[in-house]
Amino acid sequence: MDITADLNPPQKEAVEYAGGPLLILAGPGSGKTRVITHRIACLVKIYGVSPHRIMAVTFTNKAAREMKERLEKLLHLGAEDLTVGTFHAICARILRQDGKLVGLDNNFVIYDEEDQQSLVKQCLTDLDLDSRQYNPQKIRNAISYAKSLNLTPSDLAARTNSRWDDIVCRIYERYQEQLGQSNAADFDDLLMKVLYLFDHQPEILEKYRNRYLHFLVDEFQDTNIIQYQLIRLLGSRHRNICVVGDPDQSIYSWRFADIRNILSFEKDYPDAKVILLEQNYRSTKNILEAAASIISVNQQRKAKKLWTENHDGTPVTIVRTYSEQDEAQFVVNEILQLSRSNGIKPGDCVVMYRTNAQSRAIEEAFIRYGLKYKLVGGTRFYQRREIKDVLALLRIIQNPFDNISLSRIIKLPGRGIGQRTLSDLTNWARDNHLPLFTTIKIVSEGGGPPFGQKVRTTLEGYYRMLNDLIIQGQHLGVVDLLGMALENSGYRNYIREEDDGDERWENILELRTVAMDFNDLPAGEGLVRFLEQVSLVADADEIESKEDTTTLITLHQAKGLEFPVVFIIGMEEGLLPHRRSIEEGGAELEEERRLCYVGITRAQKHLYLLHTVHRSIFGSSSESIPSRFLDDIPEHLIERKGLPEIDSTYNGHSARYKRRPDEDEGITVTELLSKRLRQQSPSNDLLQISPGDNIRHNKFGKGQVIGIKSVGNDKEVIIAFEDAGVKKLLLSLAPLEKL
DNA sequence: GCAAACATGATTTTT
DNA sequence: TCATGTTTGC
């Protein structure tokens with residue numbers, strides 16, 4: 001097959017270029033992913049580069065997996081020899097192998113943000129500092145920032161100039177000591193330690209530097225300084241570094257992603273070839289123009305002109321509703337309408353928002369109308385308490401010196417060890433420079449802090465239990481080990497008695513399913529690999545596209561995706577741009593604008609931008625002002641729906657909504673809106689049903705009506721379906737048939 | 001040691 | 001509003 005067929009000239013050039021450093025600036029929808037995969041294929045098939053000698057760095061594990069799949073499926077290329085992964089995953093692999101040289105045993109554990117935070121708190125206690133005065137989260141963030149710049153505690157100490165910096169420094173130093181004692185690395189350490197390894201063990205650097213001929217880095221605008229340093233060092237031998245990014249889609253600066261990397265690249269490699277991908281294959285002209293009008297306001301930006309051969313399409317719809325409930329209602333109605341008339345399916349639609357909290361009203365509306373939705377993100381699987389507890393238990397088996405995990409599980413109720421005992425243990429451990437696990441061992445042998453006999457017996461039992469699990473871990477597969485750990489630690493009984501114990505137990509079983517993939521590996525290795533996978537992979541479940549399921553997602557997570565129909569809700573000052581960014585101003589505001597741009601450019605055919613007049617935030621209600629970004633879209637691209645424009649000015653602090661005087665005199669805004677919404681949907685006469693009737697729903701199948709409630713002119717019916725369970729549906733919309 | 005009452009404070013979140 | 005962390009009472 002011809003690898004470069006169907007590529008436009010700049011794409012083709014980007015795929016074939018073999019003259020050293022390459023910077024690809026790829027606008028949204030410009031076929032960036034194709035270019036990367038085809039470039040790899042071209043390197044292998046045409047230039048004869050062994051896949052073993054290619055490294056591709058992606059932003060997420062998901063992206064890595066997809067890239068591998070694409071290469072295998074589309075191009076029939078064996079991808080198992082390729083190094084594809086995130087910076088973190090690749091570095092973890094390197095450290096598993098050679099970490100010993102930088103003080104990491106190969107059974108090291110990886111600390112996530114919650115673990116980091118616990119460790120910071122522990123350090124504050126150790127240094128006798130008040131955690132109310134020194135916010136642990138801020139300290140964690142400051143440490144992470146230092147690490148993103150590859151600064152060690154002493155580097156940082158050299159540049160402190162305030163009391164705060166000084167505190168951060170002291171904690172950072174202790175924090176690193178504690179990580180060392182726990183044989184643990186946090187996310188940032190994975191990168192920093194590899195860089196340190198390369199700096200101090202030239203032969204290791206040589207090994208990797210010689211092996212890799214070609215590097216590809218995706219989402220380069222969202223890399224941080226240390227990541228760039230890493231790739232520069234790795235690529236210093238052959239200089240075939242290809243980076244792909246779009247400065248306009250840089251939305252992770254709060255994660256210390258540094259857009260200057262793109263500038264640095266051009267400076268560090270003056271001979272770098274720069275290729276612009278400006279043709280958009282995704283969106284209609286109207287959508288693309290709206291996006292351009294918003295992003296072009298940014299000052300800190302290289303002008304870039306995207307163009308498309310696609311049709312104008314429909315206008316961008318700006319919708320004003322009264323409340324977030326009405327906003328949700330509009331979305332639901334529009335999805336139903338589109339699926340009736342435009343050949344669009346609910347699965348083609350996505351609802352995007354700035355903050356997770358905004359998904360609630362949407363979810364409620366979807367549930368009410370019996371529409372299916374898929375919430376992306378939210379409370380993430382691996383962040384759930386029960387999952388973290390179980391993982392902590394397994395981590396102790398892998399690495400008993402992991403102090404944070406041990407402190408987490410030892411104080412779980414039901415075992416008679418509480419905060420008091422734990423504090424006594426940690427204090428003693430600290431004073432004697434010993435890990436917690438060793439301390440418990442000493443206590444069970446009669447030493448340690450002065451405990452009463454009862455506590456001593458309890459701790460002895462706990463130590464024996466752990467020790468037994470560690471021994472079992474030597475020869476049991478990871479699934480059996482998990483089962484035994486749950487039993488012996490009493491965790492199973494403990495969690496099942498919780499209020500939502502069933503759900504939590506389900507989650508643990510879900511985790512067990514993940515573990516099954518690692519069950520056939522040799523005992524120790526299975527555990528290591530399983531724990532590494534769950535530490536580095538954030539998303540347990542995937543966005544699988546189903547025809548009937550609408551996606552609900554934050555703007556950040558929407559990066560890289562595309563949908564025929566996009567609804568962005570909460571286009572309001574304070575939400576988008578977010579209040580915190582308005583307060584910060586400048587660069588923060590420009591990032592909000594980019595975020596808005598990312599959202600808009602996800603849309604292929606239809607784009608809806610919604611805002612409300614009233615929104616409740618943290619329970620209390622407040623007036624909202626349309627987002628400034630809406631003002632930047634030229635009127636000729638826009639169609640307005642929902643409530644009419646505010647034609648009054650602000651009255652003191654409260655914006656007052658005025659109805660248009662010529663119509664609907666004497667009814668409230670909410671009534672007006674619901675009237676309009678009703679007018680938009682076909683007014684089929686309501687089905688005459690009463691409780692006890694048997695019905696059929698064209699999706700949920702057979703069921704029995706168990707309740708009816710009037711909602712305005714409509715009725716909400718509660719139906720117990722034979723297969724689909726109990727649902728609340730609106731009679732006017734549910735496709736019901738009386739049996 | 002542990003559960004219930006109370007206080008608090010809250011974007012985004014690849015790894 | 002709601003999910004966390006802290007204090008209090010048994």
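Within every chain, numbering begins at 1; the chains are lettered A, B, ... in the order of the sequence lines, protein sequences first and strands thereafter. A quick note: this is a predicted structure, and the numbers were derived from the prediction, not measured.
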Distance, rounded to the nearest Å, where Arg255(A) contributes CZ and dT13(B) contributes P: 10 Å

Under 3.5 Å side-chain donor-acceptor pair for Tyr597(A) and Asn298(A): no

Separation of dT12(B) C1' from Asn141(A) CG (nearest whole Å): 13 Å

Test item: side-chain donor near acceptor, Gln229(A) and Gln227(A), under 3.5 Å: no

Asp130(A): partners by salt bridge (charged side-chain N to carboxylate O under 4.0 Å, His left out), with sequence neighbours left out: Arg132(A)

Contact list for residues 610-621 of chain A, test salt bridge (charged side-chain N to carboxylate O under 4.0 Å, His left out), sequence neighbours left out: Glu327(A)-Arg615(A), Glu572(A)-Arg615(A)

Residues forming a ring pair (Phe, Tyr, Trp, His ring centres under 6.0 Å) with Phe629(A), sequence neighbours excluded: none

Could you list the donor-acceptor pairs under 3.5 angstrom formed by side chains in residues 582-589 of chain A, with sequence neighbours left out?
residue, atom, partner, partner atom, Å
Glu583(A), OE2, Arg579(A), NH1, 3.4

Rounded interatomic separation in angstrom, taking CZ from Phe187(A) and P from dT15(B): 8 Å

Ring pair (Phe, Tyr, Trp, His ring centres under 6.0 Å) involving Tyr353(A) - partner list, sequence neighbours excluded: none

Quick test: give all pairs of protein nitrogen or oxygen and nucleotides 3-10 of chain C nitrogen or oxygen below 3.5 Å, distance rounded to 0.1 Å.
none

Whole-Å distance separating the CD1 atom of Ile617(A) from the P atom of dT1(C): 14 Å

Qualifying residues under side chain to side chain contact (heavy atoms under 4.5 Å, CB included), relative to Ala146(A), sequence neighbours excluded: Leu151(A), Leu156(A), Tyr172(A)

Results of side chain to side chain contact (heavy atoms under 4.5 Å, CB included) for Ser182(A) - residues two or more places apart only: Tyr111(A), Ala184(A), Asn403(A)

Contact under 4.0 Å: Gln419(A) side-chain N or O vs dG1(B) OP1/OP2: no

Are there any protein N/O atoms within less than 3.5 Å of an N/O atom in nucleotides 3-11 of chain B, and if so, which ones and at what distance?
residue, atom, partner, partner atom, Å
dT11(B), O4', His578(A), NE2, 3.1

Phosphate-side-chain proximity, Ser535(A) and dT15(B), N/O vs OP1/OP2 below 4.0 Å: no

Nearest-angstrom distance, C1' atom, dG5(C) to dT12(B): 23 Å

Closest listed nucleotide, where the reference is the side chain of Arg360(A) and the choices are dG1(B), dT1(C), dT13(B): dT1(C)

Between dG1(B) (P) and Leu422(A) (CG): distance, integer Å: 10 Å

Distance between C1' atoms of dT6(C) and dT11(B) (Å, rounded): 25 Å

